Amino acid sequence: MALCDQLEAARMQREQCRERLVAASLQRLNQPSDEPEAFRSDARFALQVLPSLTSTPAQIKQLRQTILNLAVRGKLVEQDAEDYIEGLLKKVQEDQRKAFASGAIKKPVLLSRLHEDRPFAIPPQWDWMPFGSLVVQGPQNGISPKETAKLDAPKALTLAATTTGKLRPDFFKAVDLKPEQAMPYRLAKGDLLFQRGNTREYVGMAAIYDIQPGKYIFPDLMIRVRLSDNLCLAYVHLALTSPPLRDYFSAMATGSSETMPKINQGILCDAPIPLPPLAEQHRIVAKVDELMAICDQLEQQL
């Protein structure tokens, strides 16, 4: 029994050391050095050792957040010194003009760069843009009619369908709504859904509708938008679910009830997006997918 006690003490000491190393590595990445080579050294070390050191679900969650945090800071992939964002912004602005002419948006949002209150430094090829300047349809609040038992009734997603940041279509309810009434709220592939109200941990959470068009409608506690086709939707969604943007929505949400604070369309459109050139958006998404796959493997092993 004394030997068992010694083994248990040794195991606890090892786990404490492991947790300290993981926490220190993640903190160093989330507060990157101003020296590029020093940061690259930190990142190489962390990405090499963290998979073997990560041993709890909480650590994997922290690792996922760190990956997203690095992605929106321009720290995951190399920048192309000759690739700037101006050409992309002109195309997005033209898409907004067309959307305004067709009535898809109320008015174009000027592509005015955010020169003040920048949350953090980004590469010179990038720029900060208000989210509303990327939208070509919406924002539009949903509808919440009464629930019904009719089998042929329209299906409305519930908040639980988007709380994780990924669409979970098994969370829905049938609603008492005529087909013509449901039509304006039918979802199409590529729609972005935001939680208009929830706890501070989840308010503003975004998910992409990527399944059968028209199968579901969206509820009043969600906001729908559609982005310009000249953007990488997966990157913008990645940015919206990253720690800096999650902190923004949590801080900006208001309401008399702390259990259900809300954001409005103005708060959504003012959300600051760190936007890289299009080619880099795709490179970032590919790198994030690669690293998230490692996190998925770690969760399966646990």
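Everything quoted here is computed from the prediction, not taken from an experiment.
Side chain of R196 to main chain of V203: no donor-acceptor pair is present (N/O by atom type, distance under 3.5 Å, no hydrogens or angles). No donor-acceptor distance shorter than 3.5 angstrom exists from the side chain of R224 to the backbone of L192, with no hydrogens or angles considered. Counting only distance, with no hydrogens or angles, the side chain of Q181 and the backbone of K178 share a donor-acceptor pair below 3.5 Å. Judged by distance alone, with hydrogens and angles left aside, the side-chain atoms of Q140 form a donor-acceptor pair with the main-chain N or O of P184 at under 3.5 Å. Under the 3.5 Å distance criterion, the side-chain polar atoms of Q96 are matched with a main-chain donor or acceptor of G132. In this structure, the side chain of T241 engages the main chain of H237 through a donor-acceptor pair within 3.5 Å. Side-chain atoms of S250 never come within 3.5 Å of backbone atoms of R246 as a donor-acceptor pair (strictly under, hydrogens ignored).
Here the side chains of P244 and V72 are in contact, with some heavy-atom distance below 4.5 Å. Considering only heavy atoms from C-beta on, N198 stays 4.5 Å or farther from L221 through its side chain. In this structure the side chain of I273 never reaches within 4.5 angstrom of the side chain of P130, judged on heavy atoms. Contact annotation: the side chain of P219 never approaches that of I143 to less than 4.5 Å [non-hydrogen atoms, C-beta and beyond]. Two residues are said to be in side-chain contact when any heavy atoms from C-beta on lie closer than 4.5 Å; W126 and P277 meet this criterion. Within the 4.5 Å cutoff, the side chain of C232 has heavy atoms near those of the V285 side chain. Residues I223 and L193 fail the side-chain proximity criterion, which asks for heavy atoms closer than 4.5 Å. Using a 4.5 Å heavy-atom cutoff, the side chains of N230 and L278 are not in contact.
Interatomic distance, C295 SG to Q62 CD, rounded to the nearest 0.5 Å: 11.5 Å. Rounded to the nearest 0.5 Å, atoms CZ (R283) and CG (D80) are 6.5 Å apart. Residue I211 holds its CD1 atom at 13.0 Å from CD1 of I208, rounded to the nearest 0.5 Å. To the nearest 0.5 angstrom, N141 atom CG is 12.0 Å from M222 atom CE. Distance check, rounded to the nearest 0.5 Å: CG of L157 to CG of L187 gives 6.0 Å. Going from atom CG of D289 over to atom CD1 of I67 covers 10.5 Å, rounded to the nearest 0.5 Å.
Shown here are the ring pair (Phe, Tyr, Trp, His ring centres under 6.0 Å) partners of Y216, two or more places apart in sequence or in another chain: F172. The ring pair (Phe, Tyr, Trp, His ring centres under 6.0 Å) check on F120 picks up W128, with sequence neighbours excluded. Every salt bridge (charged side-chain N to carboxylate O under 4.0 Å, His left out) that E8 has, sequence neighbours left out, goes to R11. Not counting sequence neighbours, Y248 has no partner by the ring pair (Phe, Tyr, Trp, His ring centres under 6.0 Å) test. Residues passing the ring pair (Phe, Tyr, Trp, His ring centres under 6.0 Å) test with Y209: none are found, sequence neighbours excluded. Residues passing the salt bridge (charged side-chain N to carboxylate O under 4.0 Å, His left out) test with R168, sequence neighbours excluded: none. By the salt bridge (charged side-chain N to carboxylate O under 4.0 Å, His left out) test, D247 pairs with no residue at all, sequence neighbours left out. With sequence neighbours excluded, no residue satisfies side-chain hydrogen bond (donor to acceptor under 3.5 Å, both in side chains) with Q281. Residues satisfying the side-chain hydrogen bond (donor to acceptor under 3.5 Å, both in side chains) test with R226, not counting sequence neighbours, are D191. Scanning for salt bridge (charged side-chain N to carboxylate O under 4.0 Å, His left out) contacts around R20 gives an empty result, with sequence neighbours left out. Every residue two or more places apart in sequence or in another chain was checked for a side-chain hydrogen bond (donor to acceptor under 3.5 Å, both in side chains) with S242, and none qualifies.
Shown here for A182 and I217, the closest heavy-atom pair between the two residues is O-CG2, 3.8 Å. A pairwise comparison of heavy atoms in G197 and K262 identifies CA-CG, 3.9 Å as the closest pair. Across all their heavy atoms, P261 and T259 have their closest contact at CD-C, 3.6 Å. Residues L76 and A71 share a closest heavy-atom pair of CD1-CB, 3.7 Å. F194 approaches A206 most closely through the heavy-atom pair CE2-CB, 3.6 Å. Shortest non-hydrogen contact noted between L240 and L245 is O-CB, 3.5 Å.
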Practice item. Would you check, one step at a time, whether the test side-chain contact (heavy atoms from CB on, under 4.5 Å) holds for L134 with L275? Key: CA-CA 10 Å; L134 313 178; L275 196 67; 4.1 Å; yes
Check your understanding: Run the side-chain contact (heavy atoms from CB on, under 4.5 Å) check on F131 and V225 step by step: do they pass?
Key -> CA-CA 10 Å; F131 177 71; V225 302; 3.7 Å; yes
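L89 and I284 fall within the same hydrophobic cluster, defined by Ile, Leu, Val, Met, Phe, Trp and Tyr side-chain heavy atoms under 4.5 Å apart, directly or through other members. Using a 4.5 Å cut-off between side-chain heavy atoms of Ile, Leu, Val, Met, Phe, Trp and Tyr, with links allowed through other members, M292 and L233 fall into the same hydrophobic cluster. In this structure, L159 is not a member of the same hydrophobic cluster as L268, with clusters built from ILVMFWY side-chain heavy atoms closer than 4.5 Å.
E280 and Q79 share a side-chain donor-acceptor pair at under 3.5 Å. A side-chain donor-acceptor contact under 3.5 Å links T162 and Q195.
The stretch residues 94-105 participates, sequence neighbours left out, in these salt bridge (Lys or Arg N to Asp or Glu O under 4.0 Å) pairs: E94-R97.
For CD of E180, the number of neighbouring non-hydrogen atoms (other residues, nucleotides, ligands) closer than 6.0 Å is greater than 12. Counting non-hydrogen atoms of neighbouring residues, nucleotides and ligands closer than 6.0 angstrom, the CG atom of D220 exceeds 12 such neighbours.
Remark: E299 engages R64 in a salt bridge, criterion side-chain N to carboxylate O under 4.0 Å.
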